[in-house]
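Worksheet: one structure, shown below.
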Number of protein chains: 4
Amino acid sequence: MKDPAQRAVNPEKYHRILEAAISVFAEEGFFNSTISRIARKAGVADGTIYLYFKNKNDILLHFFNYKTRQVFGTFRKEVDKAHDARGKLGNLIRAHLREFQNDRNMAVVFQAEARQIRYFEVYIKDLATMYFDLVGEILELGQKEGTFRSDLDTGLVKRAILGAVDEVINTWLHASKKHVLEKHADALADFFINGIGV
Amino acid sequence: MKDPAQRAVNPEKYHRILEAAISVFAEEGFFNSTISRIARKAGVADGTIYLYFKNKNDILLHFFNYKTRQVFGTFRKEVDKAHDARGKLGNLIRAHLREFQNDRNMAVVFQAEARQIRYFEVYIKDLATMYFDLVGEILELGQKEGTFRSDLDTGLVKRAILGAVDEVINTWLHASKKHVLEKHADALADFFINGIGV
Amino acid sequence: MKDPAQRAVNPEKYHRILEAAISVFAEEGFFNSTISRIARKAGVADGTIYLYFKNKNDILLHFFNYKTRQVFGTFRKEVDKAHDARGKLGNLIRAHLREFQNDRNMAVVFQAEARQIRYFEVYIKDLATMYFDLVGEILELGQKEGTFRSDLDTGLVKRAILGAVDEVINTWLHASKKHVLEKHADALADFFINGIGV
Amino acid sequence: MKDPAQRAVNPEKYHRILEAAISVFAEEGFFNSTISRIARKAGVADGTIYLYFKNKNDILLHFFNYKTRQVFGTFRKEVDKAHDARGKLGNLIRAHLREFQNDRNMAVVFQAEARQIRYFEVYIKDLATMYFDLVGEILELGQKEGTFRSDLDTGLVKRAILGAVDEVINTWLHASKKHVLEKHADALADFFINGIGV
DNA sequence: AATGAATGAGGTTTCATTCAT
DNA sequence: GATGAATGAAACCTCATTCAT
């Protein structure tokens with residue numbers, strides 16, 4: 001009874017439900033989504049959901065947990081490909097934009113529900129935190145390299161960077177014409193590094 | 001039947017309900033809030049809510065409409081106090097941080113629900129859009145003055161700036177110790193103008 | 001507090017409310033009608049209704065009471081104009097059709113709600129009963145005259161006659177093209193007197 | 001979401017709910033009946049009702065649809081048993097009285113609510129219409145046989161006959177002592193065929 | 001493990017009625 | 001007497017969750 005996900009034997013079905021759920025959440029929003037609709041979309045019975053997830057909240061939590069790890073793994077890998085701070089920062093931003101562009105449902109749910117999640121128990125170390133840490137490392141490296149200013153409030157700058165990228169994604173999500181999100185990577189990196197001043 | 005808010009004659013009660021609603025929304029999230037709880041907090045009967053608002057959604061819409069105008073008015077006024085682009089940008093950021101710091105309930109609801117609102121009919125020109133316009137003006141001015149780079153993707157930069165400030169507020173909201181939000185204004189402005197590069 | 005209608009001082013307003021109520025009942029049905037709508041249509045405040053009527057049911061009861069007397073008075077007068085049973089019967093049917101044709105709202109409410117009224121306290125001697133008595137008298141007269149058969153189950157025939165006229169009115173009410181109801185009087189009387197057999 | 005009755009798999013439960021509903025409707029009237037009361041009487045949970053019916057209206061509609069067909073089937077069969085118009089008419093009237101006598105709840109609901117049903121969408125060809133058609137056929141046959149007058153306004157006579165039988169049933173329903181309804185069949189037929197004139 | 005019918009708590013909303021003005 | 005804002009009971013209905021099969 002502890003963790004249904006443990007008992008569950010069919011990982012394929014687990015993922016099918018998770019995908020169905022996210023796509024329903026993306027369409028309707030978490031609170032307007034029904035278990036029934038998710039079950040139908042996943043091609044399982046309503047009750048089956050509860051063999052894999054504790055309850056509706058749990059689905060969202062699993063999603064965050066799962067996607068967060070997966071996406072963060074990608075980010076980390078991309079960051080590691082470069083060896084200086086500028087390169088790493090650029091790679092992170094590009095990966096960030098690309099990943100969200102490639103999975104629109106995920107993007108919608110992250111944008112719309114991630115801030116609701118605090119109303120649930122937050123036992124997940126969420127993407128934001130891991131992102132902050134990653135940017136923090138890059139900033140430190142840049143300062144060590146001497147390519148980034150040493151007088152930065154890095155705690156603040158980390159958040160500013162995430163927020164900026166986040167809002168660009170958000171705008172893209174709600175734009176009518178779907179331009180290519182990833183192409184903004186360079187301009188964003190340039191903005192972060194050089195600012196808007198002459 | 002038209003617009004309950006029109007019929008309603010007691011503006012004091014209208015505001016009491018609105019304030020109560022926002023505080024409940026802030027505590028519980030919009031979807032977990034009940035009319036009953038709002039009514040109790042406002043000191044009115046459940047049915048009374050419906051003399052002033054069409055339904056639960058309508059309360060949130062009224063809030064966005066009302067707060068958006070009010071907050072944006074403040075932003076505009078603060079921006080007008082300065083006469084060069086840097087001064088205006090700094091004033092905007094400072095006002096933004098200050099306003100949200102001064103009304104925590106508003107801040108929570110804006111952060112948590114503003115993105116849900118797209119699931120409703122959005123007939124309001126929302127804060128984000130007005131904010132973008134305001135920053136857009138400042139950027140143009142700065143470019144005209146020669147204090148801001150002329151090679152900016154201003155559409156992108158606008159969004160990045162809002163997103164950055166937004167995320168700083170968001171982090172503050174969920175921090176356990178409540179430091180002073182406004183004190184980050186200078187560091188943020190510095191970040192936007194000079195970037196992180198040496 | 002006993003009978004609001006006693007307290008009421010403005011008979012003009014009493015009738016205005018009654019008329020408004022009947023027209024709303026006719027449009028929406030009794031149960032779907034609201035006091036608010038009646039009040040608006042009568043041009044009075046909601047609360048004013050309760051100065052003239054005990055409650056919503058009471059309005060319908062007053063209507064039945066009032067209309068019944070009025071309509072029955074007309075019936076009686078028309079019946080009295082003829083001096084033989086056939087003439088009286090013809091006059092009754094004609095008056096019945098004419099009265100309902102002339103006041104469509106009344107007709108609708110009688111048809112749709114009169115059978116619901118048994119769910120209320122029935123302290124009124126309703127139109128049906130008075131109608132039965134009237135037809136009963138005519139039947140007896142005809143039998144005394146020797147123009148009507150003496151082997152009739154008069155109790156049954158009374159009801160059959162009312163029912164027949166009633167259903168003709170009912171069909172007329174729901175017909176799309178509004179022909180003249182009254183013109184069926186002779187055919188109905190002929191049917192009652194001579195039957196359909198050769 | 002389509003048609004709950006389709007989804008429902010337990011026909012026994014469907015009928016149990018329908019019967020319970022009709023008996024509650026008969027006791028309280030449609031508008032005064034609550035889903036809760038129906039559910040309790042049917043021995044199911046409130047929510048279960050909605051697995052079988054779209055809503056309260058839908059229950060009534062299903063009843064009319066279902067009972068109408070069933071009762072009309074009986075009428076048709078009885079009419080077919082006789083081969084001349086008089087016999088058919090007599091059989092129809094007798095069947096009509098018998099059916100309603102045998103199912104008092106049905107009778108009450110038909111009498112009290114059938115005219116309310118027009119406030120709902122009426123997608124059913126209702127009993128009245130089918131009845132009219134049946135009587136129409138009998139009248140035509142009688143005229144062809146030469147046993148019924150050829151100068152009848154058959155449209156009118158059809159309605160008169162239904163109305164007459166209907167009102168006899170109605171009176172019976174509200175009478176305190178429950179005599180046998182069916183015994184009026186001959187007198188009614190006699191009245192329709194020979195009229196009241198000598 | 002999988003199903004999906006059944007449950008029933010709980011939410012939103014309506015509206016007849018009251019009562020302070 | 002007239003008003004109409006306020007009340008709050010009560011109804012409908014939804015849907016997450018359970019559990020017998």
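Letters A, B, ... are given to chains in the order of the sequence lines, protein chains preceding strands, and every chain is numbered from 1.
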### Message
Tell me the interatomic distance from D:Ile59, atom CD1, to F:dC12, atom C1', rounded to whole angstroms.
### Response
11 Å
### Task
Answer yes or no on whether D:Lys67 is positioned over the face of D:Phe110, meaning its NZ or CZ is under 6.0 Å from the six-membered ring centre and within 45° of the axis.
no
### Task
Measure the distance from CZ on D:Arg40 to P on E:dT7 and round it to the nearest whole Å.
14 Å
### Query
OP1, OP2 of F:dG4 versus side-chain N and O of B:Asn10: anything below 4.0 Å?
no
### Query
Picking from E:dG4, F:dC12, E:dA16, which would you name as closest to the side chain of C:Lys56?
E:dA16
### Task
Check the distance between F:dC19's P and A:Leu51's CG and give it to me in whole angstrom.
13 Å
### Message
Does any part of the side chain of B:Arg16, heavy atoms only, come nearer than 4.5 Å to the side chain of B:Tyr52, both counted from C-beta?
### Response
no
### Task
Validate the cation-pi geometry between C:Lys56 and C:Phe30: distance from NZ or CZ to the six-membered ring centre under 6.0 Å, angle to the ring axis within 45°.
yes
### Task
Name the orientation class of the two ring planes belonging to C:Phe53 and C:Tyr14 (parallel below 30°, tilted from 30 to 60°, perpendicular beyond 60°).
parallel
### Query
Should B:Tyr52 be listed as having a side-chain N or O under 4.0 Å from OP1 or OP2 of F:dA5?
no
### Message
Between C1' on F:dT7 and CD1 on B:Ile17, what's the gap in Å once rounded to a whole number?
### Response
13 Å
### Query
Looking for any heavy atom pair under 4.0 Å, which part of the strands does D:Ile35 touch: base, sugar-phosphate only, or nothing?
sugar-phosphate
### Task
Look through every strand shown and name the nucleotide pairing with E:dT14 as Watson-Crick or G-U wobble, where both distances are under 3.5 Å.
F:dA9
### Message
Strictly below 4.0 Å, N to O, side chains only: are A:Glu28 and A:Arg37 in salt-bridge contact?
### Response
yes
### Summary
Judged by nearest nucleotide, the residue sitting upstream toward the 5' end of DNA chain E, A:Ala45 or B:Ser33, is A:Ala45
### Nucleotide opposite F:dT18 in a Watson-Crick or G-U pair, distances under 3.5 Å
E:dA5
### Query
What integer distance in Å separates D:Phe30:CZ from F:dA11:P?
14 Å
### d(CG, A:Asn57; P, F:dC15) in whole Å
16 Å
### Message
Nearest whole Å is fine: how far is F:dC19 C1' from A:Tyr50 OH?
### Response
13 Å
### Query
Reckon D:Thr48 touches a base, only the sugar-phosphate, or nothing at all at heavy-atom distances under 4.0 Å?
base
#### Entry: Atom pair distance, as rounded to whole Å: CG in D:Asn32 and C1' in F:dC12
15 Å
### Query
What nucleotide, of E:dT3, E:dG11, F:dT7, holds the atom closest to the side chain of B:Val44?
F:dT7
### Task
Ignoring backbone atoms, establish whether C:Lys13 has a side-chain N or O less than 4.0 Å from OP1 or OP2 of F:dA2.
yes
### Task
Can you figure out which of E:dT13, E:dT17, F:dC12 approaches the side chain of D:Thr34 most closely?
F:dC12
### Task
Could you pick out which residue, B:Asn55 or C:Gly47, lies toward the 5' side of DNA chain E when each is mapped onto its nearest nucleotide?
B:Asn55
